[in-house]
2 protein chains.
Amino acid sequence: MGDNVLDLNLLGVGELASHHEGHTLRPRNPAPFLLKTYNLLEEGGGGVNGEAEAEDDNKKIVSWNVDGKGFVVWSPAEFSDLTLPRYFKHNNFSSFIRQLNTYGFKKISSKRWEFKHEKFQRGCKHLLVEITRKKGEPSVFPSYLKSSSEENGMTSSMEVNNNQQILMEENKNLKEERLELQMQIAECKAIEMKLLEYLSQFVDNHQNKVRRLC
Amino acid sequence: MGDNVLDLNLLGVGELASHHEGHTLRPRNPAPFLLKTYNLLEEGGGGVNGEAEAEDDNKKIVSWNVDGKGFVVWSPAEFSDLTLPRYFKHNNFSSFIRQLNTYGFKKISSKRWEFKHEKFQRGCKHLLVEITRKKGEPSVFPSYLKSSSEENGMTSSMEVNNNQQILMEENKNLKEERLELQMQIAECKAIEMKLLEYLSQFVDNHQNKVRRLC
DNA sequence: GGGAATATTCCC
DNA sequence: GGGAATATTCCC
């Protein structure tokens, strides 16, 4: 206790500078599908096996395209049989495609299985969190009631629904923000307590020393 | 039908057989989950393997109960590790339970994992089609918006409007709260800074004193 | 390509 | 137990 000036870090005070970073930005993870697909590309789709992986272009099952802004499934058959079951609970190419569509990927070649998404690029794992599922809007009306008169501009019910969607989204975000802020405050208070505690101990200690030395 | 057979061969996964069978037949099929669970019981949960299956009661993993009006998972661990992955795309006992609940099965013993459903009985495969998923009623309103204001005669448009009002109100409150929290945080940080500043001065001061006194 | 049913996971 | 998000399947 005497020489604990150096123990500031142990008390957690040293985290002052960096402790915010954990919470200020949403630590939200990318969707499992996106992470798996990204990893699968990093790993060449071959997964983990003992053999040295041949990196010959003509042996590739799946890979980033030249500029890293998209990817190509060179061999759908091998991809389905070997790659998919390593990362997912199925081996159906069409289920994989369905997921790509769900997350807004676009097929960018009619000649081969090449896909891209604005936020899905080689070396940009951090962008994955930006990709969201296209959700069939939870409309106020059940789909089987939806009239077929939807081509022209918005019907009023759609508009109401749309407003509501926006409000709910904003609402949700605000609540998340609130939680984060509350956590930050809790942390702040905890640090205050520690600092005060430490300070009082230090004062006691200091006074004792001075007294003895006098 | 021919197509289905072809698919099965390509998939090369016997377990999926029940999944694809007879889509063109008139009478609706039971849900895949129910059929698999039923088959699993008929087969003793051991699935297809070369060895003769020991039918000793004390070696059973899962079986119908005595009167055939329910079934018991005698060994959840083995059931999860051995049985589940043979019939489903997972090996989580809790996911299996989740499905049982979804289809309205009831746990009928607190001492062991025993479940029943009115329409799920030994020798009554034909009753399976009667079992349906309990679905969160396809209400016109998202569940999280459901207020308790539904008994009184509200039209849906009134309700939509009402919901929007509520949302906007909540939204406004959340924003005010956010501001408040942000101010609290600013204050906290200021206090932290002062405490740290004071502490460092105190330390310096203390060391000087001690040095002089020595 | 995407809507919708079912399955699986995650979380309260 | 069950609501809800995500995954997988099935179908148009």
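Chain identifiers are assigned alphabetically (A, B, ...) following the order of the sequence lines, protein sequences preceding nucleic acid strands; residue numbering begins at 1 within each chain. Just so it is clear, the structure is predicted and the values come from calculations on it, not from any experiment.
- Separating the NZ atom of K36(A) from the C1' atom of dT6(D) is a distance of 10 Å, rounded to the nearest angstrom.
- Following rounding to the nearest Å, F105(B) (CZ) and dG2(D) (C1') show an atom-to-atom distance of 16 Å.
- For R133(B) and dT8(C), the CZ to P distance is 10 Å, given to the nearest whole Å.
- The nucleotide whose nearest atom lies closest to any side-chain atom of N101(A) is, among dA7(C), dG2(C), dA7(D), dG2(C).
- Here K106(A) pairs with nothing under the side-chain hydrogen bond (donor to acceptor under 3.5 Å, both in side chains) rule; sequence neighbours left out.
- Among residues two or more places apart in sequence or in another chain, the side chain to side chain contact (heavy atoms under 4.5 Å, CB included) test is passed with R112(B) by V72(B), W74(B), S109(B), E114(B).
- dT8(C) atom P lies 18 Å from atom CZ of F33(A), rounded to whole Å.
- Residues that satisfy the side chain to side chain contact (heavy atoms under 4.5 Å, CB included) test with K119(A), not counting sequence neighbours, are H117(A), L127(A), E130(A), I131(A).
- Rounded to an integer number of Å, the gap from F93(B) CZ to dA7(C) P is 17 Å.
- Every residue two or more places apart in sequence or in another chain that forms a side chain to side chain contact (heavy atoms under 4.5 Å, CB included) with L100(A) is listed here: F33(A), F71(A), F96(A), I97(A), F105(A), F115(A).
- If Y103(B) and K107(A) are placed on DNA chain C by their nearest nucleotide, the residue sitting closer to the 5' end is K107(A).
- Protein atom CG of L34(B) is 10 Å distant from nucleotide atom P of dT6(C), rounded to whole Å.
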Dump every N/O contact between nucleotides 9-12 of chain C and the protein below 3.5 Å, one line per pair.
from	atom 1	to	atom 2	distance (Å)
dT9(C)	OP1	K89(A)	NZ	3.0
dT9(C)	OP1	N92(B)	OD1	3.0
dT9(C)	OP2	N92(B)	OD1	2.6
dT9(C)	OP2	S95(B)	OG	2.6

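- Under the rule for a side-chain hydrogen bond (donor to acceptor under 3.5 Å, both in side chains), the partners of W64(B) that lie at least two apart in sequence or sit in another chain are E42(B).
- The closest donor-acceptor contact from the side chain of N92(B) to the backbone of S94(B) lies at 3.5 Å or more, if one exists at all.
- Distance OH (Y87(A)) to P (dA7(D)): 16 Å, rounded to an integer number of Å.
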